[in-house]
Peer 1: 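Submitted below is the structure of interest, expressed as C-alpha cells.
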Amino acid sequence: VQLQASGGGLVQAGGSLRLSCAVSGRTLSSIPMGWFRQAPGKEREFVAGMSRTAGSTNYADSVKGRFTISRDGAKSTVYLQMNSLKPEDTAVYYCAAYKPGTILSDWYPRNEARYDYWGQGTLVTVSS
C-alpha cells in the first residue's frame, strides 16, 4: 500500500483546507484509514480515523465538529476537510493505513502503532 498526501498550505485562522491522500496498491474499501499530525516540538497525535467500510469514524476531541474524514472509492482517495482552522492546528499532517482487510473489531483508530503504512506528510500552517 502506498500513500501520497497533498493539499497542505498556508491559511488564515478561520479558514478551510482539504487534504487528500491518494491510496494505491490495494482497494481502498479494504483499508481502515487515519490522519495524524505532528506540530513543531510535539509528538505525533491522532486526528481522525475511518473504518474499512467507512461506516465508522472517530475524531480527536480537539477537531471534532471542525474536521471531517471522507473517501472517494472511485478516486481511491481519502480526504480530511478542515474548517474553522486555528493556529494550534499548524502541523505536518500524515495519512496512514491499516493492513488491508482489518475488521472492525481489530480497528483502534487512535493507536498509531496499529497503522502499517504512512504517507510522507503535508504541512498545514494556520496564521493568526
Side-chain angles (χ1 to χ4, degrees):
V1 178
Q2 293 81 46
L3 308 176
Q4 181 72 37
S6 63
L10 174 64
V11 63
Q12 288 188 330
S16 298
L17 275 178
R18 188 178 74 163
L19 305 183
S20 300
C21 178
V23 181
S24 60
R26 292 296 293 266
T27 303
L28 185 57
S29 62
S30 69
I31 308 172
M33 298 291 299
W35 285 95
F36 288 75
R37 68 185 181 187
Q38 186 167 21
K42 294 187 177 182
E43 293 187 351
R44 190 157 57 186
E45 64 176 2
F46 168 77
V47 176
M50 173 179 285
S51 64
R52 177 169 63 96
T53 63
S56 296
T57 56
N58 193 280
Y59 295 93
D61 290 343
S62 59
V63 308
K64 200 172 294 183
R66 300 188 297 124
F67 290 11
T68 303
I69 186 171
S70 64
R71 75 183 191 192
D72 184 333
K75 296 182 178 180
S76 197
T77 300
V78 176
Y79 302 101
L80 184 68
Q81 178 67 42
M82 306 185 294
N83 299 328
S84 302
L85 283 161
K86 305 175 182 179
E88 51 264 43
D89 293 319
T90 294
V92 176
Y93 283 72
Y94 299 89
C95 59
Y98 262 66
K99 186 177 300 182
T102 299
I103 59 177
L104 189 61
S105 60
D106 290 335
W107 177 56
Y108 299 90
R110 300 185 179 218
N111 189 335
E112 180 178 336
R114 290 274 185 161
Y115 290 82
D116 294 281
Y117 307 95
W118 292 84
Q120 84 289 2
T122 184
L123 176 62
V124 172
T125 303
V126 184
S127 63
S128 57

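These values consider heavy atoms only, across backbone and side chains, with no hydrogens, waters or symmetry-generated copies. Everything numeric in this text was worked out from a predicted model, so none of it was measured.
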Peer 1: Under a single-linkage definition using a 4.5 Å side-chain heavy-atom cutoff for Ile, Leu, Val, Met, Phe, Trp and Tyr, are I31 and F36 assigned to the same hydrophobic cluster?
Peer 2: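 Per the 4.5 Å side-chain linkage, I31 and F36 are not co-clustered.
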Peer 1: Donor-acceptor pair, distance only, cut-off 3.5 Å: does the side chain of S76 make one with the backbone of L28?
Peer 2: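 Checking the backbone N and O of L28 against the side chain of S76, no donor-acceptor pair under 3.5 Å is found.
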Peer 1: Nearest 0.5 Å, please: how far is CD1 in I103 from OG1 in T53?
Peer 2: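 Between atom OG1 of T53 and atom CD1 of I103 there are 12.0 Å.
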Peer 1: If hydrophobic clusters are built from ILVMFWY residues whose side chains come within less than 4.5 Å, do Y94 and V78 share one?
Peer 2: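 Unlinked, Y94 and V78 end up in two clusters.
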Peer 1: Enter the distance from T68:OG1 to R18:CZ here, rounded to the nearest 0.5 Å.
Peer 2: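 Separation between the atoms: 11.5 Å.
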Peer 1: So how far is it from L17 CG to Q81 CD, rounded to the nearest 0.5 Å?
Peer 2: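 The CG atom of L17 sits 8.5 Å away from the CD atom of Q81.
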Peer 1: As an exercise, state the distance from CZ of R37 to CZ of R44, rounded to the nearest 0.5 Å.
Peer 2: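 Separation between the atoms: 13.5 Å.
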Peer 1: Under a 4.0 Å N-O cut-off, is there an ion pair linking D89 with K86?
Peer 2: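 K86 and D89: not salt-bridged.
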Peer 1: Minimum heavy-atom separation for I69 and W35, please, with both atom names.
Peer 2: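 Distance-wise, the nearest heavy atoms are CD1-CD1, 3.7 Å.
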Peer 1: What pair of heavy atoms forms the shortest contact from S128 to P87, and how long is it?
Peer 2: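 That closest heavy-atom pairing would be CB-CG, 3.8 Å.
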Peer 1: Tell me whether R110 forms a cation-pi arrangement with F46, defined as NZ or CZ under 6.0 Å from the six-membered ring centre and within 45 degrees of its axis.
Peer 2: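 That pair does not qualify as a cation-pi contact.
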Peer 1: Do the side chain of Y115 and the main chain of C95 share a donor and acceptor less than 3.5 angstrom apart?
Peer 2: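 Not confirmed, Y115 side chain does not pair with C95 backbone.
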Peer 1: Angle class for the F67/Y93 ring planes (parallel below 30°, perpendicular above 60°, tilted otherwise)?
Peer 2: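 Plane angle between 30° and 60°, so tilted.
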Peer 1: Does any N or O in the side chain of R52 come within less than 3.5 Å of the main-chain N or O of T102, such that one atom is a donor and the other an acceptor?
Peer 2: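 Checking the backbone N and O of T102 against the side chain of R52, a donor-acceptor pair under 3.5 Å is found.
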Peer 1: Looking at V124 and G8, what are the two nearest heavy atoms and their distance?
Peer 2: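 Where V124 meets G8 most closely, the heavy atoms are CG2-CA, 4.1 Å.
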Peer 1: Sub-3.5 Å donor-acceptor pair from the side chain of Y98 to the main-chain atoms of Y108, do we have one?
Peer 2: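 At least one qualifying donor-acceptor pair exists.
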Peer 1: Looking only at heavy atoms, what is the nearest atom pair of P109 and N58, with distance?
Peer 2: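 Looking at all heavy atoms of both residues, the closest pair is CG-CB, 3.8 Å.
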Peer 1: Between M33 and A97, what is the shortest heavy-atom contact and its length?
Peer 2: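 Minimum heavy-atom contact is SD-CB, 3.5 Å.
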Peer 1: State plainly whether one hydrophobic cluster holds both L19 and V1, where clusters connect Ile, Leu, Val, Met, Phe, Trp and Tyr through side-chain heavy atoms under 4.5 angstrom apart.
Peer 2: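 Shared cluster, yes.
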Peer 1: If you measure from OG on S6 to CD on Q120, what distance do you get to the nearest 0.5 Å?
Peer 2: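 If we round to the nearest 0.5 Å, S6:OG and Q120:CD are 8.0 Å apart.
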Peer 1: Is T90 reaching over with its side chain to a backbone N or O of V126, donor-acceptor style, under 3.5 angstrom?
Peer 2: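 Between the backbone of V126 and the side chain of T90 there is a qualifying donor-acceptor contact (under 3.5 Å).
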Peer 1: Got a second to check how far C21's SG is from R71's CZ, nearest 0.5 Å?
Peer 2: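 Rounded to the nearest 0.5 Å, the SG-CZ separation comes out at 12.5 Å.
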Peer 1: Closest heavy-atom contact between S84 and R66?
Peer 2: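 Heavy atoms of S84 and R66 come nearest at O-NH1, 2.9 Å.
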Peer 1: Can L3 be reached from W107 by stepping across I, L, V, M, F, W or Y side chains whose heavy atoms are under 4.5 Å apart?
Peer 2: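 Result: no, two separate clusters.
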Peer 1: What about Y79 and V47, same hydrophobic cluster or not, with Ile/Leu/Val/Met/Phe/Trp/Tyr joined at side-chain heavy-atom distances under 4.5 Å?
Peer 2: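 Per the 4.5 Å side-chain linkage, Y79 and V47 are not co-clustered.
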